[in-house]
Structure formats: C-alpha cells, structure tokens
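Below is one structure, written out as structure tokens, with a few remarks after it.
Positions are given from 1 along the sequence.
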Amino acid sequence: MNDNLVPIPALTGGYDLAGREPPRVPRPSRGEPLRVRRIQPGEPLGDVQRLRREVYFQEQGSNDKQHSRRVSDGLDASGTIVVVEEGRKAVATLRLHDFGSPAVQVEYGSLFQIDRFARSWPLERVAVCTRFAVQAERRAKDVVDALVEETYRHAHEHGIQFGLIACEPFLYSVFEHYGFREYLPPAVLPSGLALLRMGLVVDDATILRECESPLLPLVRNPVAGSSAHGWLMRTFPEKSSAI
C-alpha cells in the first residue's frame with residue numbers, strides 16, 4: 001500500500017489535529033456566486049489541478065515535482081469530479097468512482113476490502129471518494145455542504161448505496177458530520193500514518209438525523225438505507241459498534 005492509494009489530506013492547516021475548527025478567515029466580498037458542477041469522465045479538469053496543487057503542496061510549503069500523481073493521475077479520466085467554483089476559480093473539489101471499474105478495484109479494493117461488498121452488492125453500487133481539497137480561505141460550511149450535497153445527488157442518480165473514504169484522523173469530525181462512520185479499523189501505511197476507513201450509507205435516515213447531517217432532506221428511500229446499514233453492521237463487525 002502506498003500513499004497514492006488514499007485521498008490526500010485536503011484540510012491540513014484548516015483544522016487542528018483534534019478536529020477543532022480554528023477561527024475562520026473572513027470571507028472576502030467578491031460578488032461572485034458559488035456554482036457547483038460535475039466534470040464528467042474525459043472532460044478537462046480546468047482549475048481543479050491548480051486547487052489540488054495549492055492545497056496538497058503549496059499550502060504545506062512543499063514541492064510537488066516528485067509527487068505529480070497526487071495532483072493528477074490516470075483515474076481522473078474515468079471519475080466524476082465535483083467542483084465548487086467562485087467565478088472561474090475552483091474553491092472545493094472531490095472525485096468519485098464506483099468500483100465497477102477494474103482499475104479502481106486494483107487501486108483501492110484492498111484498502112476498503114471491497115471483496116466483502118462484492119459478495120452481496122454489484123460493485124457499481126459502491127463508490128470511493130478521493131482527491132478532496134478545499135481552498136484554505138473557503139473552508140466554510142456553505143462551501144463544503146455544497147460539495148458534499150452534489151456528490152450525494154450524484155450517488156442517487158447512479159444507484160450508489162455506499163460511499164467510502166479514507167482520511168487522516170484530524171478529518172474525522174468533518175466527515176462524521178455528514179454521516180460517514182468508520183466501518184473498519186484504521187489502515188496503517190508503511191510510513192506509520194493511520195488512515196480512517198469510513199463509509200456513508202446512502203439514505204440511512206437514522207444516522208443522518210443523529211448527526212444533523214445536511215444530507216437528511218435529500219433522503220429518498222429510508223427503508224433501503226436502513227437495510228443497507230444493517231448489512232454493513234453484520235458484514236463488518238470490527239466497527240459495528242461505531243456505525
């Protein structure tokens with residue numbers, strides 16, 4: 001397993017290691033409304049690469065020349081990329097793939113133990129979220145809400161039942177707020193970095209209500225969500241008490 005298998009830490013510097021949000025930088029008055037859109041497979045990434053480079057490297061004071069795959073890789077051509085823009089400038093982004101693709105299975109299958117999903121679900125109904133990045137001065141609720149809500153709508157439109165993500169522990173509270181829960185113990189990389197493996201059950205109204213997720217009004221089929229939640233608990237008992 002290598003660090004190219006996981007979403008790059010995207011909010012480093014915007015949240016402290018305990019998950020507490022520091023005082024926000026006042027939002028500049030730019031007169032540009034936010035726009036949310038999806039970049040479909042094969043379409044140009046536009047300003048997304050600039051945003052990734054800024055968040056993953058420039059914000060950390062590091063050089064990306066030796067780690068270009070973290071900014072863009074071959075999977076960009078096959079994934080759906082959700083982007084929040086202010087004018088022509090990308091301020092938040094996230095990439096989504098379902099596991100129906102053999103390339104995605106090879107890249108992320110072991111990390112998320114996708115074989116256990118495959119015994120009961122078509123892999124097109126399980127998706128992985130990667131390349132999450134939010135511009136430092138735009139780490140506000142309205143921006144991240146817009147990004148996650150559009151991703152959730154994409155999941156509904158494509159019959160996705162489970163959304164998976166791996167993140168560093170300091171991002172736990174961010175994803176927990178939207179309804180993600182750990183379903184496996186942390187994965188420890190050779191570098192010693194621990195990654196939380198979290199899953200969101202689409203239409204799991206009970207969990208979304210408990211965490212006051214902004215996704216709750218988007219629920220369409222709570223019965224299916226409840227059934228999928230029960231399956232996840234039975235299939236991954238390692239973390240069932242936390243789901």
Side-chain angles (χ1 to χ4, degrees), residues 7-15 21-59 64 70-98 104 127-160 163-165 167 171 173-180 200 202-203 208 211-220:
I8 302 303
L11 296 181
T12 302
Y15 288 76
E21 187 179 1
R24 290 196 177 100
V25 177
R27 177 179 174 178
S29 178
R30 300 170 182 168
E32 295 278 4
L34 293 177
R35 178 179 72 154
V36 187
R37 67 184 181 97
R38 304 175 203 173
I39 300 173
Q40 302 297 339
E43 293 181 348
L45 299 187
D47 195 45
V48 167
Q49 288 180 299
R50 190 275 314 162
L51 174 62
R52 290 176 180 173
R53 183 173 288 105
E54 177 182 313
V55 173
Y56 301 162
F57 299 100
Q58 295 172 7
E59 188 177 318
D64 68 337
R70 294 185 179 182
V71 174
S72 181
D73 61 21
L75 290 179
D76 276 329
S78 60
T80 296
I81 297 169
V82 182
V83 59
V84 181
E85 298 171 321
E86 191 170 53
R88 295 186 177 182
K89 185 176 183 179
V91 297
T93 184
L94 183 151
R95 187 176 72 181
L96 193 71
H97 286 90
D98 69 59
V104 177
V128 57
C129 302
T130 57
R131 298 300 193 266
F132 177 50
V134 183
Q135 190 177 43
E137 63 267 28
R138 299 312 311 272
R139 288 169 191 160
K141 189 176 186 307
D142 61 335
V143 173
V144 184
D145 280 359
L147 181 69
V148 176
E149 288 170 12
E150 186 65 15
T151 304
Y152 194 83
R153 292 186 184 96
H154 174 90
H156 266 151
E157 293 170 15
H158 291 80
I160 293 169
L164 311 180
I165 196 163
C167 66
L171 284 173
S173 62
V174 177
F175 292 112
E176 182 191 39
H177 169 64
Y178 292 103
F180 284 85
L200 172 70
V202 175
D203 285 348
L208 298 182
C211 63
E212 299 182 348
S213 172
L215 300 177
L216 181 61
L218 302 180
V219 168
R220 294 181 181 178

Exercise. With no hydrogens and no angle check, is any side-chain donor or acceptor of R50 less than 3.5 Å from a backbone partner on A90?
Worked result: yes
Problem set entry | V128 backbone acceptor or donor facing H97 side chain under 3.5 Å | no
For this session: Mind listing the closest non-hydrogen atom pair of L208 and L216 along with its distance?
Result: CB-CD1, 4.0 Å
Seminar exercise, completed: d(I81 CD1, T151 OG1) to nearest 0.5 Å is 11.5 Å
Problem set entry | Ring centroid separation F132 to F175 under 6.0 Å | yes
Exercise. If you round to the nearest 0.5 Å, how far is CG of L34 from CG of L147?
Worked result: 11.0 Å
Problem set entry | Set of salt bridge (charged side-chain N to carboxylate O under 4.0 Å, His left out) partners for E157, sequence neighbours left out | R38
For this session: Supply the atom-to-atom distance L200 CG to F180 CZ, rounded to the nearest 0.5 angstrom.
Result: 4.5 Å
For this session: Using a strict cut-off of less than 4.0 Å between a Lys/Arg side-chain nitrogen and an Asp/Glu carboxylate oxygen, indicate whether R131 and D76 qualify as a salt bridge.
Result: no
Exercise. Got a salt bridge between E86 and K89, using NZ or NE/NH1/NH2 to carboxylate O under 4.0 Å?
Worked result: no
Problem set entry | Within 6.0 angstrom of Q40 CD, more than 12 heavy atoms from elsewhere | yes
Exercise. What residues form a side chain to side chain contact (heavy atoms under 4.5 Å, CB included) with R220, not counting sequence neighbours?
Worked result: H156, D203
Problem set entry | CD on Q135 to OG1 on T93, rounded to 0.5 Å | 12.0 Å
Exercise. What's the shortest heavy-atom distance between I165 and C129, and which atoms?
Worked result: CG1-O, 3.5 Å
For this session: Evaluate the side-chain proximity of E149 to L218: yes if any heavy-atom separation is below 4.5 Å, no if none is.
Result: yes
For this session: Would you please name every residue forming a side chain to side chain contact (heavy atoms under 4.5 Å, CB included) with R37, sequence neighbours left out?
Result: R35, I39, V83, E85
Seminar exercise, completed: To the nearest 0.5 Å, atom CZ of R52 lies from atom OH of Y56 at 5.5 Å
Problem set entry | Donor-acceptor contact present, side-chain S213 to main-chain Y178, <3.5 Å | yes
Problem set entry | Partners passing side chain to side chain donor-acceptor pair (under 3.5 Å) against Q49 (at least two apart in sequence or in another chain) | S72
Exercise. So does R88 pair up with D47, basic N to acidic O under 4.0 Å?
Worked result: no
Exercise. What heavy-atom pair brings A92 and V143 nearest, and what distance separates the two atoms?
Worked result: CB-CG1, 3.7 Å
For this session: Apply the side-chain contact (heavy atoms from CB on, under 4.5 Å) test between V82 and each candidate in V36, V148, V48, L96; give the one that qualifies.
Result: V36
Problem set entry | Partner set under salt bridge (charged side-chain N to carboxylate O under 4.0 Å, His left out) for E176, not counting sequence neighbours | none
For this session: Could you list the residues that satisfy side chain to side chain contact (heavy atoms under 4.5 Å, CB included) with H177, not counting sequence neighbours?
Result: K141, P214
For this session: Any chance you could lay out the side-chain contact (heavy atoms from CB on, under 4.5 Å) test for D73 and R95, step after step, and finish with the verdict?
Result: CA-CA 12 Å; D73 61 21; R95 187 176 72 181; 2.8 Å; yes
For this session: Give the minimum heavy-atom separation between I160 and V202, together with the two atoms involved.
Result: O-CG2, 3.4 Å
